[in-house]
Amino acid sequence: MPAGFDLDAAWRLDDRVSIRPERFGALLYHFGTRRLSFLKSPTLLAVVRGLATHPDARAACADAGVGPGELPRYRAALAALAESRMIQPRSL
């Protein structure tokens, strides 16, 4: 996973990704790559859904209730989603 994932950049869900909420979090399906990703917590789902409405990923995390001690874990999860093209950079 890229260690350099930029929490201070603007991100959004790729337009070709569908979200299916589940009790454990959600399933993401990318219709372009045909990849499936599991979001293993409702908080991570809230972060992903909040990406488009916040100025950066850090703000989306904070709004979803991610504390400073949890931020490295969420950064790694977002990095994996970026690498699999589920989320992509967004221009402000």
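Keep in mind that this is a model prediction, so the values were computed, not measured.
Ionic pairing of D14 and R16 is present here: one or more N-O contacts between side-chain nitrogen and carboxylate oxygen are shorter than 4.0 angstrom.
Closest non-hydrogen pair, A59 versus P55, comes out as CB-CD, 4.0 Å. Residues V47 and Y74 come closest through the heavy atom pair CG2-CD2, 4.4 Å. Here the closest non-hydrogen pair linking P21 and R49 is CG-NH2, 3.4 Å. For M86 against R35, the heavy-atom pair with the smallest separation is CE-O, 3.3 Å.
Here the CG-CG distance, from L28 to L13, works out to 6.5 Å after rounding to the nearest 0.5 Å. Put simply, CG on L27 and OG on S37 are 9.5 Å apart, with the number rounded to the nearest 0.5 Å. Distance check, rounded to the nearest 0.5 Å: CG of D8 to CZ of R58 gives 4.0 Å. Annotation: the span from L81 atom CG to Q88 atom CD amounts to 12.5 Å, rounded to 0.5 Å. R12 CZ to I87 CD1: the interatomic distance, rounded to the nearest 0.5 Å, is 11.0 Å. To the nearest 0.5 Å, atoms CD (E70) and CG (L44) are separated by 11.0 Å.
Note: the hydrophobic cluster containing I19 also contains L39 (ILVMFWY, side chain heavy atoms under 4.5 Å, direct or indirect links). Criterion: ILVMFWY side-chain heavy atoms under 4.5 Å apart, direct or through other members. Under it, L45 and Y29 are not part of a common hydrophobic cluster.
Without hydrogens or angle criteria, R75 side chain to F5 main chain gives a donor-acceptor distance under 3.5 Å. The closest donor-acceptor contact from the side chain of H30 to the backbone of G32 lies under 3.5 Å. Between the side chain of W11 and the backbone N or O of D6, at least one donor-acceptor pair lies under 3.5 Å.
Side chains of L78 and C61 form a contact here, defined as non-hydrogen atoms less than 4.5 Å apart. Residues S41 and F24 form no side-chain contact, since every pair of their non-hydrogen atoms from C-beta on lies 4.5 Å or further apart.
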